[in-house]
Amino acid sequence: MVLAVLAFTPSKTFATVFIVGGDQGWRARVDYAVWAEGKVFRVGDKLVFKYPKCFHNVVKVNEYQFQKCSAPRGVKALATGNDVVELKTVGRNFYICSVGRNCADGCQKLVIDVKPHHGTAGH
């Protein structure tokens, strides 16, 4: 019986950890569209945003807020300098830095398309 339950439990062993921006990390004036190009992001994967705290943060936003570089009111930004975000929803996910004008002037924003988990039917 235990084996049957384990066989149908989604495994997190296939999760990939992505360091956003690679060696450059999460900072202004990095082309995150180029960084994300060719990568396959799936539910269960993790994004790690590495940056000097006090100078940057991470805010998950919707598409309109992404285009306007505008964080929603009352949202608590991630600001540890080593933020780990587990991808939980299929579809487009949007992230910005809401410190100063880093998003608007420095293009410090990321959009990714998240696919279903490896174990999802049809994959």
Val59 to Ser98 - nearest heavy-atom pair and separation: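 Closest pair (atom of Val59, atom of Ser98, distance): CG2-OG, 3.7 Å.
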- prompt: Which heavy atom of Val61 sits nearest a heavy atom of Pro72, and at what distance?
  reply: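 For Val61 and Pro72, the tightest heavy-atom pair comes out as CG1-CD, 3.8 Å.
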- prompt: Does Lys109 have any side-chain contact (heavy atoms from CB on, under 4.5 Å) partners at least two apart in sequence or in another chain, and if so, which?
  reply: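 If we apply the side-chain contact (heavy atoms from CB on, under 4.5 Å) test to Lys109, skipping adjacent residues, the hits are Phe66, Cys69, Ile96, Cys103.
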Any donor-acceptor pair under 3.5 Å from [X] side chain to [Y] backbone:
| X | Y | answer |
| --- | --- | --- |
| Asn82 | Lys50 | no |
| Asn93 | Gly91 | yes |
| Gln65 | Asn62 | yes |
| Asn102 | Phe55 | yes |

- prompt: So how far is it from His56 NE2 to Gln108 CD, rounded to the nearest 0.5 Å?
  reply: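 His56 NE2 to Gln108 CD: 5.0 Å, rounded to 0.5 Å.
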task: Check which hydrophobic residues are tied to Val99 through side-chain heavy-atom contacts below 4.5 Å, counting indirect links as well, and list them.
output: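 Other cluster members: none.
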- prompt: What's in the same ILVMFWY side-chain cluster as Phe49, cut-off under 4.5 Å, chained through other members?
  reply: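 Members besides Phe49, by chain and number: Phe18, Val20, Trp26, Val30, Tyr32, Trp35, Phe41, Val43, Leu47, Tyr51, Val58, Leu78, Val85, Leu87, Val90, Tyr95, Leu110, Ile112, Val114.
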message: Test: side chain to side chain donor-acceptor pair (under 3.5 Å). Region: residues 66-81. Which pairs qualify, not counting sequence neighbours?
response: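 Passing the test, one end in residues 66-81: Thr80-Asp83.
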message: Going by the rule salt bridge (charged side-chain N to carboxylate O under 4.0 Å, His left out), which residues pair with Glu63 if we only count those two or more places apart in sequence or in a different chain?
response: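 By the salt bridge (charged side-chain N to carboxylate O under 4.0 Å, His left out) rule, Glu63 matches Arg92.
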message: Is it the case that over 12 heavy atoms from other parts of the model lie below 6.0 angstrom from the NZ atom of Lys39?
response: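 More than 12 heavy atoms, drawn from other residues, nucleotides or ligands, come within 6.0 Å of this atom.
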query: Does anything in residues 21-57 pair up under disulfide bond (SG atoms under 2.5 Å apart), and if so which pairs, sequence neighbours excluded?
result: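 Checked against disulfide bond (SG atoms under 2.5 Å apart) - neighbours excluded - no pair reaches residues 21-57.
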query: Under 4.5 Å between any side-chain heavy atoms of Arg42 and Lys115, yes or no?
result: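 Answer yes - side chains close enough.
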